[in-house]
Amino acid sequence: MTELFAALSLQMGYNATLVAVGAALLGAAAGVTGTFLFLRKRALVSDAISHATLPGVGIAFMVMVALGGEGRSLIGLMTGSAISAVLGLLCVGWLTRHTRLSEDASIGAVLSVFFGFGVVLLTVIQTMSAGRQAGLESFLLGATAGMLRSEAVVIALGGSLAVVLVVLLRRPMTLAAFDPEYTAGAGWPLARIDFAMMGLVTAVTVVGLKIVGLILIVALLIIPPVAARFWSARSGHVAALAGLIGGISGFVGAAISASAPSLPTGPIIVLVGSAIFVVSLLVAPERGVLATLVRRQRFHRAVHLRQGLLSLANGQPIYEPLTRRLLQREGLLRGDGVPTAAGSKAASEMGRDEQRWQILRADPALESAAAQYDGLTDVGAVLTPDQIAAIDAKLPRATPEVMP
Amino acid sequence: MTQNDIPSMAQRSDIATAALAIRGMTVSYGEKPAVFSVDLTVPRGAMMAIIGPNGAGKSTLLKAALGVVPTLSGEAYVFGKPLAQMRARIAYVPQRASVDWDFPARVIDVVAMGLYRELGLLGRMTGAHRARAAESLARVGMSDFAHRQIGQLSGGQQQRVFLARALAQEADLYLLDEPFAGVDAATEKAIIAVLQALKDQGKTVVAVHHDLATVKDYFDHVFLINKSRIAEGPVEAAFTPDNLQKAYGGRLVTAQLDPASQITPVVPPRKDLASGLAPKGSGTVGGAG
């Protein structure tokens with residue numbers, strides 16, 4: 001526990017700190033990049049990209065060994081993985097455009113073929129003499145243990161660069177995500193915007209391979225924006241918040257992993273992000289599950305109360321048990337179904353409101369106000385007192401049962 | 001382009017004077033043309049309705065001209081130059097159903113998107129830009145909604161926001177795809193007032209339209225399409241029962257037309273007019289056709 005605290009407060013030594021900062025920058029880059037992917041509704045493409053990196057890792061390793069190197073250079077492995085990721089991306093694009101396969105089917109096909117091929121390559125590499133110590137399988141789930149300082153620097157720089165590029169391209173990517181037809185119609189190069197977005201996702205994936213691993217990098221791209229969306233309804237804010245959530249996940253996850261080196265880093269980072277997601281899902285105002293529940297309950301009650309009062313106004317019996325219960329709880333109805341004094345008053349007010357609506361809706365001059373009729377809103381909310389007075393002048397007096 | 005597609009001298013002068021000229025445009029989804037070899041000429045300052053039955057290629061024609069969907073052949077010219085060079089003078093309003101309104105944005109953010117082209121990647125949004133966005137919103141009567149989430153808007157309000165985004169561009173040619181589809185009566189009135197104000201400022205407006213009853217009230221030019229061009233020109237010359245019959249075939253219900261208009265019940269289709277371009281003698285096709 002003290003170790004974890006030490007790691008979180010950057011007192012774990014230079015290397016562990018560097019790794020944690022690198023992970024935080026990677027998480028932030030994944031969060032902001034993933035936001036645009038998520039808003040463009042192409043989150044799954046990142047799954048194809050990440051799985052398509054594996055053959056590249058294997059081939060790059062083999063090539064470097066064949067050239068007499070050690071085969072573990074992170075830059076070399078990242079280059080290889082980027083090339084095969086782009087190939088996978090091009091395959092998905094080609095299949096979607098030139099066959100009748102939909103994008104999700106193309107993603108499934110490409111993902112499994114590339115990943116399967118990559119696993120075969122890794123198995124072959126395991127049998128090579130140089131391969132046993134290579135630790136390439138750490139690219140599947142990510143590992144920070146034994147990470148070199150230079151590797152952490154590469155990851156931190158790569159993450160920062162991705163953030164800068166996203167900020168630079170935020171306007172076209174927002175446009176393309178919201179309204180691709182308008183974007184193309186206004187002369188933006190839509191295909192190139194999409195390609196740049198996918199390029200950024202590929203970059204983040206490749207940079208994140210070492211820390212998070214290719215299986216879970218998709219989670220780091222998608223969970224932060226999905227969590228951030230609960231808190232904000234402005235795309236810029238969602239992106240910034242997603243960057244923050246991704247950064248926190250990366251930092252805390254790497255710190256936990258550093259204090260318990262046997263834990264794989266990727267899953268820890270993703271679990272931290274998931275925890276933030278679950279909290280957001282539950283307690284976020286407006287879009288959160290609890291807020292939605294409360295709002296729906298309130299709406300439900302308002303509907304039943306109004307229906308009940310209208311029934312009373314029309315002298316009709318109330319059969320719905322919930323309506324009766326609500327009216328009784330409000331002190332508007334007695335246990336035997338007879339309205340109380342307050343209930344009668346509220347009912348006649350409600351009846352008059354409904355009559356005003358009838359007149360309002362029949363008046364072509366009040367068309368825009370009439371459009372707001374939903375059965376629940378009071379006339380007072382859509383008209384001025386003067387207008388209401390004008391309507392009241394047309395009300396039939398002392399005929400409470402005019403309700404249709 | 002084959003030899004035949006090259007515009008003749010007469011067509012070239014049309015192209016030079018027209019706000020929008022489309023020549024020989026063919027668009028195909030799969031191997032079935034949706035729009036076949038269409039020529040369209042919109043005079044400057046015109047307010048033109050593109051009408052035709054469902055699936056006739058009305059929206060596709062607009063999208064193809066703008067490069068939103070790929071074309072098999074054809075060119076579009078705006079104010080005499082190839083459309084690609086004139087992007088800054090065109091504002092496009094797509095169908096509102098084409099986007100997901102749960103997108104995280106406020107009304108004013110969507111309107112500001114109309115300024116993105118001008119701002120470029122890094123240009124700063126200044127107070128003048130914000131004022132322009134706010135003014136565009138005011139013109140469609142949506143000022144009170146500036147900070148509302150777009151997800152809370154009604155269909156008519158969504159359409160007004162789309163129009164405001166186009167207004168913010170301060171373009172000279174406005175291309176609208178079904179601006180009146182599924183909107184309330186108040187919105188329809190507000191939109192047509194804005195469009196007419198644009199026309200009064202000398203701007204050119206082209207709208208894909210589906211309501212035959214309002215064509216005469218709202219527009220001064222009309223273009224009838226059903227895969228290929230049926231007729232085009234000033235409303236009084238081209239919006240005739242004959243042409244409508246050709247565009248809509250047996251599907252045309254006369255009740256769709258305003259009974260108060262001079263349009264008489266639809267006459268049976270004449271075989272000699274089936275080619276889509278009426279001979280001079282019929283006296284029904286005017287304009288640049």
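We name chains A, B, ... by the order of the sequence lines, and we start the count at 1 in each one.
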Contact leader toward chain A among [options], where contacts are heavy-atom pairs under 4.5 Å:
options                             : result
B:Gly123, B:Ala88, B:Ser154         : B:Gly123
B:Ser98, B:Ala91, B:Gly67, B:Ala171 : B:Ser98
B:Leu66, B:Val99, B:Thr187          : B:Val99
B:Tyr116, B:Phe162, B:Tyr92         : B:Tyr116
B:Ile90, B:Leu119, B:Val93          : B:Leu119
B:Gln169, B:Arg117, B:Gln149        : B:Arg117

For [X] and [Y], does a side-chain donor sit closer than 3.5 Å to a side-chain acceptor?
X        : Y        : result
B:His209 : B:Glu178 : no
B:Thr41  : B:Arg23  : yes
B:Tyr77  : B:Gln85  : no
B:Asp217 : B:Thr214 : no

Discussion item. Which atoms of A:Arg287 are under 4.5 Å from chain B, going by heavy atoms: the side chain, the backbone, both sets, or neither?
Written reply: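 Side chain only.
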Worksheet entry | Under 4.5 Å from a heavy atom of chain B, the part of A:Thr174 involved | both
Fill in: Residue A:Arg295 excluded, over 12 heavy atoms near CZ under 6.0 Å
yes
Chain A contact via [X] - which portion, at a heavy-atom distance below 4.5 Å:
X        : value
B:Asp184 : neither
B:Val110 : side chain
B:Leu121 : both
B:Asp102 : both

For the pair [X] (side chain) and [Y] (backbone), establish whether a donor and an acceptor sit closer than 3.5 Å, ignoring hydrogens and angles.
X        : Y        : answer
A:Arg234 : B:Pro104 : no
A:Thr384 : A:Gln387 : yes
B:Arg96  : B:Ala181 : yes

Discussion item. I'd like to know which of A:Ala184, A:Ala177, A:Gly187, A:Ala233 tops the heavy-atom pair count under 4.5 Å against chain B.
Written reply: A:Ala233
Worksheet entry | Member of B:Leu20, B:Leu62, B:Ile225 meeting the side chain to side chain contact (heavy atoms under 4.5 Å, CB included) criterion with B:Leu40 |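 Of B:Leu20, B:Leu62, B:Ile225, side chain to side chain contact (heavy atoms under 4.5 Å, CB included) with B:Leu40 is met by B:Leu20 alone.
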